[in-house]
Amino acid sequence: MEQGSFFAFHGSPIENWFGILQDGLVVQSHKPGMMVNGAAHGSGIYMCMNADVCFPYSRTLLEGQHGSYVGLVVCEVLGKPEDYSAW
């Protein structure tokens, strides 16, 4: 049985990316001090196939010489989009 895959975006503030790159995307829902944007749609790692949806979650407090930084990554997800929850 072929599993397949698809690509989806994940947005997170720049200040979270050191931990994400070190430990991977880890469910932090309902952990005090770890959850940044809440768990409005339940615990999990939130991704979307539309990058525009992820941009608001990738906001940052850091300002650079060339403007603000955005933390947005594209991930390959195993399975099919319909195998996952949608909001």
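Keep in mind that this is a model prediction, so the values were computed, not measured.
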Got [X] and [Y] here, is their nearest side-chain heavy-atom distance under 4.5 Å?
X	Y	answer
Val53	Phe9	no
Leu25	Cys75	yes
Met49	Phe6	yes

Legend entry - Where Cys54 and Cys48 come nearest, the two heavy atoms and their spacing: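 Heavy-atom minimum between the residues: SG-CB, 3.9 Å.
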Legend entry - Backbone of Lys80 reached by a side-chain donor or acceptor of Asp83 within 3.5 Å: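 Yes, because the side chain of Asp83 sits within donor-acceptor range (under 3.5 Å) of the backbone of Lys80.
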Inset, instruction - Would you check if the side chain of His10 reaches a backbone N or O of Leu72 as a donor-acceptor pair within less than 3.5 Å? - result: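 Side chain of His10 to backbone of Leu72: no pair is present.
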Inset, instruction - Verify side chain to side chain contact (heavy atoms under 4.5 Å, CB included) between Val77 and Ser5, making sure each step is shown before the conclusion. - result: CA-CA 5 Å; Val77 182; Ser5 65; over 6 Å; no
